[in-house]
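Everything below concerns the one structure shown next.
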Amino acid sequence: MTTAAAPSAPSAPAAPSAAAVPSTTAVFVRLKLSLLRNGLRQSAGRKAVWITSVVLVSLYAALQVLGLIVLRGHAHIGALAVCMAALLAFGWAVMPLFFPGGDETMDPTRLVMLPLRPTPMMTGLLAASLVGIGPGFTLAVLTGAVVASAHGAAAFAVGVLAAPLALLVCLSLARAVATANVRLLTSRKGRDLALLSGLIIGVGGQLVNLGMQQLNGLGMARLEPVADVLRWIPPGSALDAVRAASEGSYGRAAAGLALTAAALAALLWWWQRSLTKVMTSPDGSTIGAASAKPDKARASGPGLAGLLPAGRTGAAMHRSLRYIWRDPKTKASWVSGLAVGALVPIVNAAQGAESVWFSMFAPTMLGLQMYNQFGQDGPAFWMVLQTLGSARDAYVELRARALAFSLIAVPYVTLVVTGTAAFTGKWWDWAEVLGLSLALLGALFATGAMASVLAPYSIPQDSGFKNVAPGQGALAWFGMLGALVGAVLCAPLAALTIWLHMAGAHSLLWIVLPLGAGYGLLTAWLGLRLAAPRVVDRLPEILAAVSKG
């Protein structure tokens with residue numbers, strides 16, 4: 001008689017081999033490529049903007065490299081290379097935080113729920129950082145600097161190490177700074193740091209422009225005192241190592257490379273500590289301490305609301321002014337406009353271009369704030385939508401927002417034009433410039449209202465790195481083209497001003513001021529009237545567009 005064999009115990013599944021586990025670094029690189037590819041698939045406009053950006057940046061990088069190669073052998077090329085490396089590092093430290101468009105992989109809080117250790121995550125994110133237009137441009141400029149300053153096989157050998165080291169320092173610096181401040185930038189009150197970005201971009205851009213013009217006039221010899229300091233600060237020390245090797249100072253070249261490597265190690269250590277803190281500590285950045293004291297704003301009375309008109313107009317004006325004061329991205333946009341509008345005429349006057357006409361930047365920068373009116377509401381626009389039952393309601397809403405902006409824009413434009421005239425002493429241009437400025441401001445309010453209706457887009461509030469939702473970049477650019485239409489609308493008044501100049505009727509130029517003020521009011525009124533019925537017709541499309549982010 002045969003007996004049935006006892007069933008054998010199920011065998012344990014074999015552990016996956018090390019070769020079957022994908023590399024974390026490779027996964028992050030593929031993730032970066034997937035984000036880029038999927039973003040480009042969302043719209044033809046976004047793809048066109050990206051391709052255009054690649055072409056323009058590549059051409060600019062090629063010109064930079066060519067210019068550096070042409071300067072090869074110049075007595076001060078080493079100082080220029082060191083200063084360029086320092087400038088690139090500064091850009092990498094600041095721009096990822098403050099520039100409107102950014103890299104989504106800069107935010108490690110998106111990965112907190114994944115079972116990843118900080119070191120493999122850091123390696124993968126650093127490798128993913130090498131994918132993009134910015135790293136390619138940086139590497140091209142650094143390579144051009146090495147070729148321009150290297151003489152001899154030893155110097156080129158040092159350059160082979162110096163350029164990648166400098167690039168890694170730039171990327172690690174950007175990642176470390178972004179990670180250390182990611183909670184600050186993504187919290188409600190912390191995103192108010194974006195206000196600083198407007199000052200940095202507005203003021204810093206003008207200072208860099210002024211410095212470059214001074215450099216072109218005085219020559220690269222002026223860079224030597226600055227380079228003497230920057231050559232000991234990474235990544236400038238890496239580029240200075242190439243110069244030192246060309247001169248036979250191999251000890252100094254080794255010290256420069258070692259200093260850069262030490263800085264890279266320190267940045268990676270800081271980045272790892274920041275990653276560990278972000279991945280393990282709770283986010284208390286938005287938790288405020290409870291206060292038993294009564295709200296001072298409520299206790300002191302109605303405040304600003306008491307000065308505004310009653311009804312829907314006053315409520316909408318109050319809401320718009322609160323956006324400007326409390327919303328970090330709206331405040332940053334306004335600060336940028338205010339800073340640039342005031343600095344452009346002052347900087348140009350300091351450079352010898354004393355003209356009141358440069359104050360026209362003030363109405364241009366503030367008029368652009370009227371664009372994408374509903375985008376700043378975000379998903380909360382559905383509450384405004386409930387009150388827009390007719391074209392009359394839409395007109396009152398748009399008019400109230402324009403009036404709120406005018407409370408800031410009109411006094412500011414008047415102050416800038418008057419201050420520029422006083423600074424330059426050319427008071428005879430004051431009336432015509434102010435008149436054309438007010439006309440341009442009204443025209444931009446009109447086209448801004450139309451652009452807000454025809455090309456609305458969402459402003460993401462959950463990211464400190466983006467001002468336009470993915471796939472809507474083309475809408476933002478299309479809306480901004482309305483500024484050109486606004487300038488064209490001022491052509492009749494500009495033609496009158498030119499005719500008065502050509503006819504020698506300078507004593508009549510004062511009439512441009514009242515005509516400009518009236519023309520601006522009329523243009524703004526017509527623009528609001530034309531935009532109002534379109535708001536009612538496009539309410540579902542506007543809500544879908546501004547809620548996308």
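- The shortest side-chain heavy-atom distance between Trp382 and Leu539 does not fall under the 4.5 Å cut-off.
- Classification of the Tyr60-Phe137 ring pair by plane angle, with boundaries at 30° and 60°, yields parallel.
- Looking only at distances, a side-chain donor or acceptor of Ser452 sits under 3.5 Å from a matching main-chain atom of Met370.
- When the shell of 6.0 Å around CZ of Arg273 is examined, it contains 12 or fewer heavy atoms from other residues, nucleotides or ligands.
- Between the CZ atom in Arg175 and the CG atom in Leu168 there is a gap of 12.5 Å [rounded to 0.5 Å].
- Considering every non-hydrogen atom in both Gly159 and Val146, the closest pair reads CA-CG1, 3.6 Å.
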Does Met121 form a side chain to side chain contact (heavy atoms under 4.5 Å, CB included) with Phe28? I'd like the steps, not just the answer.
CA-CA 8 Å; Met121 184 191 305; Phe28 273 100; 4.0 Å; yes
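- No side-chain heavy atom of Leu125 sits less than 4.5 Å from a side-chain heavy atom of Met122.
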Arg538 and Val453: CA distance, side-chain angles, deciding distance, side chain to side chain contact (heavy atoms under 4.5 Å, CB included) verdict
CA-CA 7 Å; Arg538 288 177 51 83; Val453 178; 4.1 Å; yes
Take Phe445 and Leu366 through the side chain to side chain contact (heavy atoms under 4.5 Å, CB included) test and state the conclusion after the steps.
CA-CA 9 Å; Phe445 277 15; Leu366 292 198; over 6 Å; no
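- Distance check: Leu454 CG to Thr447 OG1 gives 11.0 Å after rounding to the nearest 0.5 Å.
- Residues Trp271 and Leu268 are in side-chain contact: their nearest non-hydrogen atoms beyond the backbone lie under 4.5 Å apart.
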Are Trp334 and Tyr323 close enough, and set up right, to give a ring pair (Phe, Tyr, Trp, His ring centres under 6.0 Å), and what steps lead you there?
CA-CA 11 Å; Trp334 273 89; Tyr323 278 144; over 10 Å; no
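- Leu88 contributes atom CG, which lies 11.5 Å from atom SG of Cys83 (distance to the nearest 0.5 angstrom).
- Using a distance-only test at 3.5 Å, with no hydrogens or angles considered, no donor-acceptor pair links the side chain of Thr25 to the main chain of Pro120.
- Environment of CZ in Phe361: sparse, with no more than 12 heavy atoms of neighbouring residues, nucleotides or ligands closer than 6.0 Å.
- Across Val65 and Gly144, no two heavy atoms sit closer than the pair CG1-CA, 4.1 Å.
- For the atom pair Leu257 CG and Leu264 CG, the distance stands at 12.0 Å (nearest 0.5 Å).
- In this structure, Leu68 and Ile77 have side chains that are in contact, with non-hydrogen atoms separated by less than 4.5 Å.
- Of all heavy-atom pairs between Ala166 and Leu142, the closest is CB-CD1, 3.8 Å.
- When side chains are defined from C-beta on, Arg534 counts as touching Met450, because their heavy atoms get closer than 4.5 Å.
- Taking all atoms of both residues into account, the shortest heavy-atom contact from Val229 to Ile233 is O-CG1, 3.7 Å.
- Side-chain contact check for Pro235 versus Leu165: every heavy-atom pair is 4.5 Å or farther apart.
- Formation of a donor-acceptor pair under 3.5 Å by the Thr276 side chain with backbone atoms of Gln272 is found in this model.
- Between Arg243 and Asp240 a salt bridge is recorded (basic side-chain N to carboxylate O distance below 4.0 Å).
- Summarising the geometry, atom CG belonging to Leu80 is positioned 10.5 Å from atom CG belonging to Leu87; distances are rounded to the nearest 0.5 Å.
- A donor-acceptor contact closer than 3.5 angstrom is absent between the side chains of Arg231 and Ser237.
- Here the CG atom belonging to Leu139 is positioned 9.0 Å from the CG atom belonging to Leu130, to the nearest 0.5 angstrom.
- Side chains of Trp92 and Thr138: a donor on one and an acceptor on the other come within 3.5 Å.
- Arg401 places a side-chain N or O within 3.5 Å of a backbone atom of Gln373 that can act as its donor or acceptor partner.
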Checking side chain to side chain contact (heavy atoms under 4.5 Å, CB included) for the pair Leu484/Val488: CA distance, chi angles, key distance, verdict?
CA-CA 6 Å; Leu484 299 177; Val488 172; 5.6 Å; no
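- Heavy atoms only, all atoms of each residue included: Leu239 and Ala145 are closest at CD1-CB, 3.8 Å.
- Within the 4.5 Å cutoff, side-chain heavy atoms of Leu444 are placed close to those of Tyr371.
- Nearest approach of Val158 to Val242, heavy atoms of both residues: CG1-N, 4.0 Å.
- Between Glu397 and Leu388 there is a side-chain heavy-atom pair separated by less than 4.5 Å.
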